[in-house]
Amino acid sequence: MATSASQAILTGLSRRLVADGILDEAAMTEVVMEARSNGRSLVAHLVDEGIADASIVAIAASQEFGVPLLDLDEITVDVEAVRAVNASLITKHRVLPMVLRGKRIYLGVSDPTNLAAIDEIKFQSGLRIEPVVVEYDKLKEAVAHALEAVDDSMSDLDDDEFDLEALEITSDAEEKDVVTKDDIDDAPVVRFVNKVLLDAIKRGASDVHFEPYEQTFRVRTRLDGVLRQIATPPIALANKVCARLKVMSRLDIAERRIPQDGRIKMRLSKTRSIDFRVNTCPTLFGEKIVLRILDPNSAKLGIDALGYSKQQKDHYMEFLSKPYGMILVTGPTGSGKTVSLYTGLNILNTEEVNISTAEDPAEINLPGVNQVNVNPKVGLTFSTALKAFLRQDPDVIMVGEIRDLETAEIAIKAAQTGHLVLSTLHTNDAPQTLTRLVDMGVKPFAIATSVRLIIAQRLARKLCNKCKTPVDVPAAALLKEGFSQEEIDTEITIFGPVGCKSCDRGYKGRTGIFQVMPVTDAIARVILEGGNAVQIAETAEAEGIWDLRRSGLEKIKDGHTSLEEVNRVTIS
């Protein structure tokens, strides 16, 4: 009876240790019962009480549960992986996030049966957890060192460079008013928010997300198009941080039921200021606030910095120099459409040219350009702004986005009557832009005679020049990805990311991937004949126009980006 009772208690790791001869069955049964009565895991009890060596227990756990075994002395922990998991969970469960690869995180554990810890971290981080067995005694010290190294990614801010509590912060409505910490009486909150915003600016982030959940509150920034968690403040701070951001952007603090839009101007010095476009959205557990970082310097980079090929750049410059016609830029949110348009406007912005823009809202302030923020609440829509522009002797008109038939028709008439019109549409590629206009109700003849150039674009992360390395890709795989046999025969070199101190996991900065499609006579005929996007794309390809995929492959050949990154932003 005693034997059968012992067998019922001994399962998994305890049974494996008995089989390996570490302890006999009776002794192991007693150890298991002691661990349970003390509320400890078997691994912790075995090692802390000196019953078994940590390395022997780790080997047994790895073999029993089929989980890889890793020596913590032989690896360098990825700080980004540690940042991705709430520090309190790391301490609570004594686990170590070691490597972050896309949506997968490799988690060092001493006890693979601790499913509660794995599930809790999976829920908090939103990542797929891959457990790796490590030695219990080494894990404690490694966790402490990792948490010290992270410091919520705020430690690199130089307080001597900026006075965090005295930053000049104004709203869009009243740019001369300074918001001080008296608006929200909690100085630590003021300092925390300013640090987050400065950190985002210094890292070159494009967005900052403040996200409250039921038990957690996290802050993420989008760096080179990829979101990264940078802090997990206590959930009790969520409402205070939200209120502080609302005060900074002149929003209604008492209104929490509907979304609100605002703007913040942060003056870093006498010569440099950064604008933030602010949006709030009510969620189940509070208001999520997203800040889009708008750096006026991005419009002054110059066309050569955007990533156009020589032919694509020549097409853009050619149609910018035309006195009339329409240039459309298309792509998803965050694909760089605004920067492409403002780069063109910056080229056209001279004393002799009258430029007017209607935007929702104006993202970049460009002196010399007459910019209008549309406001549908008071009747100032894109169409009414366009009608007003046409009575003010414009040379160039920029419409932030063509959303409806009325706006499209006014813009097209302007392009047909001696004005250069620039605008955006939300479509996947250049050929679909033309059929989208038809779907909106624009007559094919009007499209064929007004639209001169369509630019579809995406942003791909650039490989770090300091650490990128050649990768071996089979010829069959390259053919499948879209490379020609002739290209493969020339032994093209494909590079992949590595990661170093100068970059973010092998990438640094972003470059544009473009489809620049002039509306030629052949494409215009397809439109007039009622052709679809596929037929337009085939005609463009026959005329030597690269699609987005081809443009991405050229970036790979030039060593600017990786195959994985092009696959992420384009369709293979």
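The shown structure was predicted, so the numbers you read here are calculated from the model rather than taken from an experiment.
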What is the distance from atom [atom1] of [X] to atom [atom2] of [Y], rounded to the nearest 0.5 Å?
{"X": "L46", "Y": "I56", "atom1": "CG", "atom2": "CD1", "answer": "10.5 Å"}
{"X": "N428", "Y": "T330", "atom1": "CG", "atom2": "OG1", "answer": "7.5 Å"}
{"X": "T493", "Y": "I556", "atom1": "OG1", "atom2": "CD1", "answer": "12.5 Å"}
{"X": "R218", "Y": "I230", "atom1": "CZ", "atom2": "CD1", "answer": "12.0 Å"}
{"X": "K508", "Y": "S502", "atom1": "NZ", "atom2": "OG", "answer": "5.5 Å"}
{"X": "K122", "Y": "I105", "atom1": "NZ", "atom2": "CD1", "answer": "13.0 Å"}

What is the minimum heavy-atom distance between [X] and [Y], and which atoms define it?
{"X": "Y507", "Y": "S562", "value": "OH-OG, 2.7 Å"}
{"X": "G307", "Y": "T511", "value": "CA-OG1, 3.7 Å"}
{"X": "A460", "Y": "V569", "value": "CB-CG2, 4.2 Å"}
{"X": "S484", "Y": "L479", "value": "C-CD2, 4.1 Å"}
{"X": "I264", "Y": "S249", "value": "CG1-CB, 3.6 Å"}
{"X": "P234", "Y": "F217", "value": "O-CD2, 4.0 Å"}

Handout entry: Verdict with reasoning, D199 to R203, per salt bridge (charged side-chain N to carboxylate O under 4.0 Å, His left out)
Key = CA-CA 6 Å; D199 184 63; R203 290 175 178 271; 3.1 Å; yes
Problem - For K337, side chain to side chain contact (heavy atoms under 4.5 Å, CB included) partners two or more places apart - result: V329, S335, T424, H426
Practice task
Sequence neighbours left out, what pairs pass salt bridge (charged side-chain N to carboxylate O under 4.0 Å, His left out) with at least one residue falling in residues 98-112?
Solution key: R104-E130
Answer yes or no: is there an ion pair linking [X] with [Y], defined by an N-O contact shorter than 4.0 Å?
{"X": "R277", "Y": "D261", "result": "no"}
{"X": "D224", "Y": "R461", "result": "no"}
{"X": "K138", "Y": "D71", "result": "yes"}
{"X": "R505", "Y": "E565", "result": "no"}
{"X": "R550", "Y": "E554", "result": "yes"}

Check for a donor-acceptor pair, side chain of [X] on one end and backbone N or O of [Y] on the other, with a separation under 3.5 Å.
{"X": "Q312", "Y": "S309", "result": "yes"}
{"X": "T221", "Y": "A205", "result": "no"}
{"X": "T280", "Y": "I289", "result": "no"}
{"X": "Q457", "Y": "G336", "result": "yes"}
{"X": "Q229", "Y": "R83", "result": "yes"}
{"X": "Q515", "Y": "A430", "result": "yes"}
{"X": "R549", "Y": "E481", "result": "yes"}

Exercise for the section: Among I513, L553, V566, find the one that has a side-chain contact (heavy atoms from CB on, under 4.5 Å) with L548. Expected result: I513
Practice task
Among L294, L245, I201, V290, find the residue that satisfies the side-chain contact (heavy atoms from CB on, under 4.5 Å) test when tested with F276.
Solution key: I201
Less than 4.5 Å apart, side chain to side chain, heavy atoms only: is that true for [X] and [Y]?
{"X": "F192", "Y": "V241", "value": "yes"}
{"X": "T113", "Y": "L13", "value": "no"}
{"X": "L306", "Y": "S340", "value": "yes"}
{"X": "L237", "Y": "R244", "value": "no"}
{"X": "F483", "Y": "K557", "value": "yes"}
{"X": "V133", "Y": "L70", "value": "no"}
{"X": "M248", "Y": "V193", "value": "yes"}
{"X": "R16", "Y": "D20", "value": "yes"}

Exercise for the section: Assert yes or no for the condition that the ring centre distance of Y213 to F285 is strictly below 6.0 Å. Expected result: no
Problem - Residues, nucleotides or ligands: over 12 heavy atoms within 6.0 Å of E34 CD - result: yes
Handout entry: Over 12 foreign heavy atoms within 6.0 Å of CD, Q485
Key = yes
Exercise for the section: Report the C-alpha separation of E287 and R257 in whole Å, then their side-chain angles, then the decisive distance to 0.1 Å, and conclude whether the side-chain contact (heavy atoms from CB on, under 4.5 Å) test is met. Expected result: CA-CA 9 Å; E287 289 180 276; R257 300 165 298 174; over 6 Å; no
Practice task
Please assess H45 against I51 for the test side-chain contact (heavy atoms from CB on, under 4.5 Å), listing each intermediate value before the final yes or no.
Solution key: CA-CA 8 Å; H45 188 72; I51 300 170; 4.0 Å; yes
Exercise for the section: Would you list the pairs meeting side chain to side chain donor-acceptor pair (under 3.5 Å) in which at least one residue belongs to residues 46-62, sequence neighbours left out? Expected result: R40-D48, R40-E49, D48-Y136, D53-S55
Exercise for the section: Starting from the C-alpha separation in whole Å, work towards a yes-or-no answer on side-chain contact (heavy atoms from CB on, under 4.5 Å) for L69 and V132. Expected result: CA-CA 6 Å; L69 176 66; V132 178; over 6 Å; no
Exercise for the section: Could you give me the CA-CA distance, side-chain angles and deciding distance for I293 and I274, then say whether side-chain contact (heavy atoms from CB on, under 4.5 Å) is met? Expected result: CA-CA 7 Å; I293 301 174; I274 299 290; 3.7 Å; yes
Exercise for the section: Take N114 and R94 through the side-chain hydrogen bond (donor to acceptor under 3.5 Å, both in side chains) test and state the conclusion after the steps. Expected result: CA-CA 11 Å; N114 189 0; R94 192 179 284 186; over 6 Å; no
